[in-house]
Engineer: 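My structure is below; once you've seen it, I'll send some questions.
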Amino acid sequence: MNNREVADLFERIADMLEIKGEIIHRVLAYRNAAQAIREFPRDLRVTAAENALETIPGVGKIIAEKITEILDTGTLEFHERLAAEVPTGVVDILHVNGVGPKKARMFWQEAGLTTLAQLEQAAREGKLRSLPGMGAKSEQRILEGIESLRRRASDTRIPLGIALPTAERILKALRSGTQVDQFAVAGSIRRGRPTIGDVDLLITSAEPKPIMDAFVHMEEVARILGHGDSKSSVELLNGLQVDLRVVPAERWGTALCYFTGSQAHNIRIRHLALDRGLSLNEFAFTPTGGGNEILCSTEEAVYAQVGLPFIPPELREDRGEIEAAQKGTLPDLIEAGQIQSNLHMHTTWSDGTASIREMAEAARERGLRYIVITDHSRGAVIANGLSIERLQEQANEIRRVDAELNGSIRVFHGTEMEIKADGTPDFPDEVLETLDFVVASLHVSLRQPREQVTRRLIHALQNRHVDLIGHPTGQLIPDRDGADLDLEAVFTAAAASGTAMEINASPERLDLTAQNARRAQELGIPISINTDAHSIADLDNLRYGILTARRGWIESHSVINTWPVDRFVTWTRQRHE
DNA sequence: GCCGTTTTCGGCCCGACTGTTTTCAGTCG
């Protein structure tokens with residue numbers, strides 16, 4: 001089992017324990033462990049072999065033993081026992097919006113409902129309203145919840161590339177015609193997480209009521225989950241849940257911190273506040289011994305109150321940012337404005353939609369100084385990969401466009417070369433050495449055994465013509481896990497060869513992940529942030545790559561896209577010699 | 001079940017909203 005499957009199993013255990021009425025803190029312990037495992041940057045199997053599972057925060061002796069059992073046997077006896085007791089369908093019922101552990105248990109124990117279908121039928125027939133605390137409205141709510149659950153079952157978390165533009169569009173709509181003063185997208189979008197559970201919007205306004213009304217009556221709202229003066233929630237037609245909160249301007253800082261999270265980060269900040277005799281919530285600091293609230297209208301003021309400099313939202317995951325802030329060693333994070341180049345993009349020569357000239361001009365409009373055209377190589381048949389002959393023809397066109405643009409932006413010739421299933425490069429050395437820049441990527445046979453797929457990448461890294469490994473793991477968001485790679489071995493090879501590793505900015509890739517990129521930077525591996533654009537519009541995906549890099553603590557000195565063109569040319573020439 | 005510079009016990013976030021309740025329980029974030 002991989003990390004995600006282990007995490008899912010613990011999440012399931014937490015569900016079943018909660019339905020059983022287990023004390024909430026034991027339930028939360030399993031949920032915390034599941035979350036920690038899901039985000040753990042290393043392979044659990046390796047960590048288990050090192051006997052280091054208990055170094056994962058939230059994993060103690062007992063859960064470590066359970067992880068070991070799962071990894072050794074593929075099952076967990078504790079889970080089997082629970083599963084024999086709590087029907088699977090009751091766990092499904094727990095996931096219906098509006099149903100919590102108490103109701104799931106009541107439906108099961110009092111009404112004998114053990115599947116979603118049974119619950120749905122009972123609600124339709126009006127049989128739930130006789131149960132305590134239930135009425136006609138709750139039945140309706142449950143029916144809607146079941147429908148929503150089924151809608152979400154196909155696409156669980158929403159990619160950042162959908163959630164962020166949606167959030168910005170809603171804020172823009174709310175701001176026209178109403179009295180919105182300050183506004184922000186908070187939550188995991190602001191932290192740049194690759195997938196989003198729901199959208200958190202925060203505003204200040206002297207007159208919130210009309211804003212709330214406008215919000216719940218937007219055209220794209222599928223249903224209203226809540227509608228109050230300070231908080232409203234809706235579900236959009238695309239399944240995304242959006243929460244809108246109105247806060248007083250003088251409490252903007254505490255509220256924005258609180259709703260940006262992460263939860264783990266907030267808990268640490270609260271503890272720092274408690275050390276100073278202050279309790280902290282979304283409204284204010286309050287002296288624990290009594291006394292007046294301390295209000296913060298900015299996030300800077302919140303951090304200052306606990307003796308810290310401002311911590312950028314992308315770092316707020318309790319992954320060392322608080323210690324770094326205390327020591328004054330917060331990273332100087334990469335910013336979009338520092339990016340001078342895009343080293344991975346496609347044109348109509350392979351599977352892109354724009355010409356070389358169009359891509360170059362669009363890149364120039366976005367402030368870039370140089371680009372590399374990297375169409376697919378011949379092995380990528382489905383993507384109209386270039387034969388050696390077409391590659392040579394393309395070289396002529398690129399030289400021509402580069403000359404025509406007259407230095408306003410430089411255009412270089414590269415390839416995104418297949419790393420074939422047998423590990424051999426798709427072009428021979430004598431072809432590669434005619435190119436300015438070579439990206440090598442895995443597209444096929446990602447499900448090969450760990451040793452084999454790892455060997456393929458290492459082989460590519462040892463080719464002196466290869467400058468960059470594109471989207472190293474091959475993950476697709478939210479559907480496909482990356483290849484089962486020994487990334488530590490891959491990184492060791494990359495550090496030795498000086499080959500760059502990509503943070504692919506396409507919102508469906510975001511690969512390397514933030515945590516893997518952070519590790520790569522630690523090892524001194526050059527990082528490259530590229531859009532892998534297949535169209536002009538895709539060039540705007542750079543923002544997702546920047547967010548991911550910042551989440552990975554990436555500083556500008558690690559990113560080869562910040563280099564002026566001379567340095568880039570010198571670097572590639574030296575590598576190819 | 002986890003955790004620890006108030007450490008081996010006793011905490012672990014709590015407030016808004018909803019629907020049912022006739023004063024509050026359950027859910028959610």
Side-chain angles (χ1 to χ4, degrees), chain A residues 10 13-14 17-19 21-37 53-67 78 93-107 128-142 144-145 148 186-188 196-202 208 212 216 223-235 241-247 251 254-255 257-284 286 288 318 326:
Chain A
F10 283 122
I13 287 171
L17 289 174
E18 200 173 13
I19 291 165
E22 182 60 71
I23 59 156
I24 191 63
H25 301 300
R26 190 175 174 217
V27 174
L28 286 174
Y30 277 100
R31 291 208 197 284
N32 284 338
Q35 181 70 8
I37 291 165
L53 288 173
E54 285 184 57
T55 61
I56 304 172
V59 174
K61 186 162 179 291
I62 291 167
I63 290 186
E65 281 169 6
K66 289 187 163 72
I67 296 173
F78 179 60
I93 287 172
L94 177 65
H95 295 144
V96 173
N97 196 303
V99 178
K102 302 280 168 54
K103 285 187 178 167
R105 181 184 166 87
M106 178 176 74
F107 296 149
L128 294 181
R129 61 188 70 175
S130 56
L131 292 164
M134 296 291 296
K137 275 194 172 177
S138 340
E139 280 176 341
Q140 189 53 36
R141 198 174 153 82
I142 281 172
E144 286 170 4
S148 160
S188 50
I196 304 300
D198 49 38
V199 176
D200 291 296
L201 303 178
L202 210 57
M212 288 303 192
V216 299
R223 78 189 168 109
I224 300 169
L225 302 168
H227 183 186
D229 284 344
S230 67
K231 178 187 170 185
S232 295
S233 299
V234 299
E235 185 177 316
Q241 182 176 326
V242 185
D243 298 336
L244 174 65
R245 290 182 178 79
V246 182
V247 302
R251 299 177 194 271
T254 42
C257 273
Y258 184 89
F259 290 112
T260 296
S262 69
Q263 205 175 3
H265 175 88
N266 287 352
I267 288 170
R268 293 289 309 278
I269 299 296
R270 278 202 296 274
H271 283 152
L272 289 180
L274 283 174
D275 292 345
R276 289 154 194 260
L278 298 168
S279 77
L280 169 64
N281 60 20
E282 65 264 52
F283 303 108
T286 312
T288 45
D318 190 21
Q326 284 168 331

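In what follows, chains are A, B, ... by sequence order, proteins preceding strands, each numbered from 1.
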Engineer: Does A:E144 have more than 12 heavy atoms from other residues, nucleotides or ligands lying within 6.0 Å of its CD?
Structural biologist: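 Above 12, so yes.
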Engineer: Anything under 4.0 Å to a heavy atom of chain A counts; send over the first and last such nucleotide of DNA chain B, read 5' to 3'.
Structural biologist: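 Range of nucleotides within reach of chain A: B:dG1 to B:dG29.
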Engineer: Can you check the distance between B:dT20 and B:dC14, where both ends of the measurement are the P atom (answer in whole Å)?
Structural biologist: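 Roughly 28 Å separates the two P atoms.
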Engineer: I need the full list of salt bridge (charged side-chain N to carboxylate O under 4.0 Å, His left out) pairs touching residues 96-107 of chain A, with sequence neighbours left out, sorted by first then second residue.
Structural biologist: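 Of all non-adjacent pairs touching residues 96-107 of chain A, none passes salt bridge (charged side-chain N to carboxylate O under 4.0 Å, His left out).
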Engineer: For B:dC17 versus B:dT22, give the span between their P atoms, rounded off to a whole number of Å.
Structural biologist: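 These two P atoms come out 23 Å apart once rounded.
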Engineer: A:E235 versus A:N97: any side-chain heavy-atom pair under 4.5 Å?
Structural biologist: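 In short, these two side chains do not touch, never coming nearer than 4.5 Å.
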Engineer: For nucleotides B:dG1 and B:dT5, find the distance between their P atoms and express it as a whole number of Å.
Structural biologist: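 Their P atoms lie roughly 23 Å apart.
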Engineer: Would you jot down, in residue-number order, the residues of residues 260-269 of chain A having a non-hydrogen atom under 4.0 Å from DNA chain B?
Structural biologist: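 Within residues 260-269 of chain A, the residues near DNA chain B are A:Q263.
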Engineer: Quick one: look up who B:dC14 pairs with, Watson-Crick or G-U, both distances under 3.5 Å, and put none if it's unpaired.
Structural biologist: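 Checking every strand shown, B:dC14 finds its partner in B:dG29, with both distances under 3.5 Å.
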Engineer: Which whole number of Å gives the distance between the C1' atom of B:dC2 and that of B:dT8?
Structural biologist: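 It works out to 12 Å between them.
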Engineer: A:I63 near the nucleic acid: base, sugar-phosphate alone, or nothing, with a heavy-atom cut-off under 4.0 Å?
Structural biologist: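 If one applies the 4.0 Å heavy-atom cut-off, A:I63 turns out to touch the sugar-phosphate alone, with no base involved.
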Engineer: Indicate, with a heavy-atom threshold strictly under 4.0 Å, whether A:I23 touches base, sugar-phosphate, or nothing.
Structural biologist: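 Here A:I23 touches the bases of the nucleic acid.
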Engineer: Quote, to the nearest angstrom, the P distance that separates B:dG10 from B:dG15.
Structural biologist: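 Taking atom P in both B:dG10 and B:dG15, they lie 25 Å apart.
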Engineer: Give me the distance, rounded to whole Å, that separates B:dA16 from B:dG11 when you measure between the P atoms they each carry.
Structural biologist: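 Nearest-Å result for B:dA16 against B:dG11 at atom P: 25 Å.
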Engineer: Under 4.0 Å between any heavy atoms, over every strand shown, what does A:P132 touch: base, sugar-phosphate, or nothing? Just pick one.
Structural biologist: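 Counting heavy atoms under 4.0 Å across all strands, no contact is made by A:P132.
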Engineer: Give A:Y30 one of three labels, base, sugar-phosphate or nothing, depending on what nucleic acid heavy atoms sit under 4.0 Å from its own.
Structural biologist: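 The answer is sugar-phosphate, as A:Y30 gets under 4.0 Å only of primed atoms, P, OP1 or OP2.
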Engineer: Measuring only the P atom in each nucleotide, how far is B:dT23 from B:dC28? A whole number of Å is fine.
Structural biologist: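 Here B:dT23 and B:dC28 have their P atoms 25 Å from each other.
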Engineer: Give A:V99 one of three labels, base, sugar-phosphate or nothing, depending on what nucleic acid heavy atoms sit under 4.0 Å from its own.
Structural biologist: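 A:V99: backbone/sugar contact only, no base atoms under 4.0 Å.
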Engineer: At under 4.0 Å between heavy atoms, what does A:F10 touch on the DNA or RNA strands: base, sugar-phosphate, or nothing?
Structural biologist: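 A:F10: no heavy atom of the nucleic acid under 4.0 Å.
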Engineer: Checking all strands, does A:A36 fall into the base, sugar-phosphate, or nothing category for heavy-atom contacts under 4.0 angstrom?
Structural biologist: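 The answer is nothing, as A:A36 stays clear of every strand by at least 4.0 Å.
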Engineer: Can you tell me how far CD1 of A:I267 sits from CG of A:D318, rounded to the nearest 0.5 angstrom?
Structural biologist: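 Output value for this atom pair is 8.5 Å.
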Engineer: Check A:R245 with A:D200, please: is the shortest side-chain N to carboxylate O separation under 4.0 Å?
Structural biologist: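 Yes, A:D200 and A:R245 are salt-bridged.
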Engineer: Please measure how far the C1' atom in B:dT18 lies from the corresponding atom in B:dC9, and state the result in whole Å.
Structural biologist: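 Looking at atom C1' only, B:dT18 and B:dC9 are 38 Å apart.
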Engineer: When we call it a touch if two heavy atoms are under 4.0 Å apart, what does A:Q241 touch: a base, just sugar-phosphate, or nothing?
Structural biologist: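 The answer is sugar-phosphate, as A:Q241 gets under 4.0 Å only of primed atoms, P, OP1 or OP2.
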